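Okay, so here's the structure we're looking at.
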Amino acid sequence: MNDHQLLRYSRHILLPEIDIEGQEKLCQSRVLIIGAGGLGSPALMYLAASGVGNLIICDGDQVDLTNLQRQIIHDNHSIGLAKTLSAKKALAKINPEINITAIQEKADATKLLHLTAEADVVLDASDNFATRSLINQACVAHKKPLISGAVVRFEGQVSVFDLSQTDSPCYHCLYPMEGEQEDMPCAIMGVFSPITGIIGCVQAAETIKTLLNIGDSLNGRLLLLDGLTMNWREAKVNKDPECPVCQM
């Protein structure tokens, strides 16, 4: 790193768990983020500010006025723009030294397999069960860590599925595709905007910890947040020995 970067990331470098070596690793890392909405916004902003050198953003939507209540990476001038392009502009202002790839499309199974193969970590900030399942399958196929989050109303949840580890559960172990999963979109159920920020920031933290292999990750643990009481609960997630996705 040059002197400018040493100064920019000095507060990270002061942490013995990160130091110069860890910060250099962040600068060389590649993270795939699916979704540039409520969860993706804070996650992307902190990953960019932290110096993660290569961010690949995949989202097929455009910015709408109703997004601005919680999707803080966008502003009034972004309305009508592709979310990926709006996010790229905002992130370039935060940290012009990183590489940002904007993919303006809803990723299908084939695209996700291709994008996941190139990533060190995948951050799932999508908003529907079908996409989450496809992301999980791609991460299982390439043995890549998956940082998963979801929010609705006043409730949030976040977990890590480190599929580079053979004993790790996958998303399907927790939420089987054949189970009774019903998407509850924000347009119908509503969402308390700060909850997306809280969960998205936890996803960013877990992404950085996973990239640097520091601390205890949420792998095998599911954190559940009740925003009305601000109570956190933790549940253990076990690997399903009969899971048709990660046991294939």
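Note that this is a predicted model, so its numbers are computed, not measured.
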Path from L14 to I214 over hydrophobic side-chain contacts below 4.5 Å: no
L134: side-chain contact (heavy atoms from CB on, under 4.5 Å) partners, not counting sequence neighbours: A109, L112, Q137
Option among V140, I135, L174 that satisfies the side chain to side chain contact (heavy atoms under 4.5 Å, CB included) test with F161: L174
N/O donor-acceptor pair under 3.5 Å between D120 side chain and S29 backbone: no
Sequence neighbours excluded and cut-off under 3.5 Å, please list the side-chain donor-acceptor pairs for residues 19-27, or say none.
{"from": "Q23", "atom 1": "OE1", "to": "H12", "atom 2": "ND1", "distance (Å)": "2.9"}
{"from": "Q23", "atom 1": "NE2", "to": "S50", "atom 2": "O", "distance (Å)": "2.9"}
{"from": "K25", "atom 1": "NZ", "to": "L211", "atom 2": "O", "distance (Å)": "3.1"}

Modelled atom types, side-chain donor and acceptor of D124 and S126, under 3.5 Å: yes
Check against side chain to side chain contact (heavy atoms under 4.5 Å, CB included), I56 and V31: CA-CA 6 Å; I56 304 97; V31 175; over 6 Å; no
Side-chain donor-acceptor pair present, N99, N54, cut-off under 3.5 Å: yes
Flag for N219-S217: side-chain donor and acceptor within less than 3.5 Å: no
Short side-chain to backbone donor-acceptor contact, K209 and D216, under 3.5 Å: yes
Aromatic ring pairing F192/F154, orientation class (parallel under 30°, perpendicular over 60°, tilted between): tilted
Verify same cluster id: I103, V122 (apolar side-chain graph, 4.5 Å): yes
Hydrophobic cluster membership, Y9 vs L44, 4.5 Å side-chain cutoff: no
Connected via hydrophobic side-chain network under 4.5 Å: V202 and Y46: no
For residues 81-88, which side-chain N or O atoms pair as donor and acceptor with protein atoms under 3.5 Å away, sequence neighbours left out?
{"from": "K83", "atom 1": "NZ", "to": "Q71", "atom 2": "OE1", "distance (Å)": "3.1"}
{"from": "T84", "atom 1": "OG1", "to": "Q104", "atom 2": "OE1", "distance (Å)": "3.1"}
{"from": "S86", "atom 1": "OG", "to": "H74", "atom 2": "ND1", "distance (Å)": "2.7"}
{"from": "S86", "atom 1": "OG", "to": "S78", "atom 2": "OG", "distance (Å)": "2.8"}
{"from": "K88", "atom 1": "NZ", "to": "I100", "atom 2": "O", "distance (Å)": "3.4"}

